[in-house]
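Read through the structure below, which is laid out as structure tokens, and then see the notes.
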Amino acid sequence: MDPVLAPIPTNERSSIRSGRGIGPWFLLKATSRVVLRGDGHQQSCILLDVSGIRNGTYWFRLMKDQARSVVIQR
């Protein structure tokens with residue numbers, strides 16, 4: 001199962017689910033600068049808290065998968 005982010009767009013939190021486990025993850029700006037990072041070690045679901053991040057389009061990337069677009073709106 002590919003990672004699933006919901007809800008998108010979000011204003012505070014998104015959940016990330018993956019049937020293969022999550023592992024290291026990154027939230028990147030369009031400039032490839034990392035704004036958040038974490039490790040969902042041995043977890044199939046995590047909550048991504050974006051309440052402190054400015055509006056915009058970001059990329060959520062798992063270390064082992066392609067990036068997914070995340071739109072943050074308030």
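All residue numbers in this chain count up from 1 along the given sequence.
With sequence neighbours excluded, no residue forms a side chain to side chain donor-acceptor pair (under 3.5 Å) with Asp39.
Considering only heavy atoms from C-beta on, Trp25 comes within 4.5 Å of Leu36 through its side chain. Two residues are said to be in side-chain contact when any heavy atoms from C-beta on lie closer than 4.5 Å; Ile53 and Leu27 meet this criterion. By the 4.5 Å heavy-atom criterion applied to side chains, Phe60 and Ile16 are counted as neighbours.
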Please set out all donor-acceptor pairs under 3.5 angstrom arising from side-chain atoms of residues 40-50, sequence neighbours excluded.
unit_1 : atom_1 : unit_2 : atom_2 : d
Asp49  : OD1    : Ser51  : N      : 3.0
Asp49  : OD1    : Ser51  : OG     : 2.7

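Across all their heavy atoms, Lys29 and Tyr58 have their closest contact at CG-CE2, 3.7 Å.
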